[in-house]
Amino acid sequence: MIRVDHLNFQYPNSRREIFKNLSFHVKKGETLAILGANGIGKTTFLKCLLGFLEYKSGNIFINDESVKQMSASKFWKQVAYVPQSKRAAFGFTGLEMTVMGLSPHVRIGKLPTKDDYERAYEQLTKLGIEHLSERNCNNMSGGELQMVLIARALIKKPQILIMDEPESHLDMRNQLKVLNIVEELNAQGEYSIIINTHFPQHAFRIAQSTLLLGKDGYVFDKTEDVVNTANLRHYFGINSEILSFELADKSYSTILPIDLQTVEEVLR
Ligand SMILES: Nc1ncnc2c1ncn2[C@@H]1O[C@H](COP(=O)(O)OP(=O)(O)OP(=O)(O)O)[C@@H](O)[C@H]1O
């Protein structure tokens with residue numbers, strides 16, 4: 001369980017408060033989607049959560065323990081981060097990259113063991129990407145590298161999994177692969193998952209709750225209560241329609257952006 005309590009953050013060189021009194025939680029076995037317009041503060045929030053930026057006030061708790069009081073080693077044993085694959089450039093093989101996920105569990109200066117490499121290979125196999133184990137990450141496609149980064153995050157069996165736009169830059173097939181993995185992890189009931197995304201329809205598919213960040217506040221609630229046409233108008237300035245249908249006993253919803261709000265609509 002991760003709980004964010006009245007968090008406030010502002011960059012030192014800026015007058016804008018990126019978030020003010022931000023509070024929400026993600027229970028074990030649940031997925032939260034974070035949505036919001038470009039530049040609203042999604043990455044900034046992840047940086048605060050991961051300890052790369054210091055927030056002004058408020059607190060973040062993992063299983064009711066404040067992260068401020070937690071050692072880095074304890075934090076990183078529980079939390080795994082999957083960065084966007086486009087920003088990565090590494091000279092490691094898929095197997096080496098996956099083994100690196102075990103680093104919080106390995107003493108400094110100690111090399112990974114044969115057992116660690118076997119666990120890494122097993123993790124790649126679980127995700128169906130063992131063929132990437134000997135491939136250099138620099139020679140992988142965005143989708144392949146994203147899957148290896150997910151393997152690296154999962155190998156240490158984290159409680160909290162944080163993913164920064166894992167399906168951006170991927171084709172539709174690879175997007176579905178990533179969404180399926182998140183759905184499977186969610187169904188296992190062992191993780192609290194936080195996923196930054198630019199796709200509201202993905203929030204519908206994988207996230208029980210959604211945090212929608214805006215300039216003048218935020219909404220946090222069940223996804224179906226957050227992702228609606230009124231909020232998309234207010235937070236993205238677009239008119240849209242939500243389309244829902246059933247297929248093979250499963251319900252699906254997606255969002256069709258129709259057009260930008262007109263100046264009159266904005267002023268109304
Ligand atoms: N180091 C910094 N100093 C001052 N302002 C910053 C700094 N880094 C980011 N910002 C500003 O903070 C705001 C939030 O940026 P952030 O990258 O968190 O947005 P985002 O929601 O992740 O955007 P996107 O969807 O485009 O990735 C932006 O206005 C950005 O210009």
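Order of appearance sets the numbers: ligands from 1, and atoms from 1 within every ligand.
Here the two rings, on Phe24 and Phe45, have centers that are under 6.0 Å apart. Taking the six-membered ring where the residue is Trp, the centroids of Phe220 and His25 are separated by under 6.0 Å.
Here Asn13 has side-chain heavy atoms under 4.0 Å from ligand 1, and that is the only part of it that gets that close. Contacts of Asn196 with ligand 1, taken as heavy-atom pairs under 4.0 Å, are absent altogether.
Closest to atom 10 (N) of ligand 1 by heavy atom, among Tyr11, Phe9, Phe45, is Tyr11.
Taking a cut-off of under 4.0 Å to the non-hydrogen atoms of His198, the atoms of ligand 1 that pass are 25 (O). Within the listing of ligand 1, atoms 13 (C), 29 (O) sit less than 4.0 angstrom from a heavy atom of Arg16. For ligand 1, the atoms sitting less than 4.0 Å from at least one non-hydrogen atom of Ala37 are 21 (O), numbered in the order shown with element in parentheses. Close contacts between ligand 1 and Thr44 involve ligand atoms 14 (C), 15 (O), 16 (P), 18 (O) [criterion: under 4.0 Å to a heavy atom]. Below 4.0 Å from some heavy atom of Ile18 lie the following atoms of ligand 1, by number and element: 12 (O), 13 (C). Each of the following atoms of ligand 1 lies closer than 4.0 Å to a heavy atom of Lys42: 18 (O), 19 (O), 20 (P), 21 (O), 22 (O), 23 (O), 24 (P), 25 (O).
For Asp249, there are no side chain to side chain donor-acceptor pair (under 3.5 Å) partners at least two apart in sequence or on another chain. The side chain to side chain contact (heavy atoms under 4.5 Å, CB included) check on Thr125 picks up Tyr121, Glu130, with sequence neighbours excluded.
With salt bridges taken as basic N to acidic carboxylate O contacts below 4.0 Å, none links Lys42 and Glu165.
Residue Gly39 has at least one N or O atom closer than 3.5 Å to an N or O atom of ligand 1. For the pair Gly36 and ligand 1, the shortest N or O to N or O distance does not fall below 3.5 Å.
Checked by atom type and distance alone, the side chain of Arg119 pairs as donor or acceptor with a backbone atom of Ile155 at under 3.5 Å. Here the side chain of Thr31 pairs no donor or acceptor atom with the backbone of Gln208 at under 3.5 angstrom. The main-chain N or O of Ser141 is found under 3.5 Å from a side-chain atom of Glu144 such that the two form a donor-acceptor pair.
Ligand 1 lies out of reach of Ser14, whose nearest heavy atom is not under 4.0 Å from it. Pro12 does not count as a contact of ligand 1, since none of its heavy atoms falls under 4.0 Å from the ligand.
Across all non-hydrogen atoms, the minimal contact from Thr197 to Glu167 is OG1-OE2, 2.6 Å.
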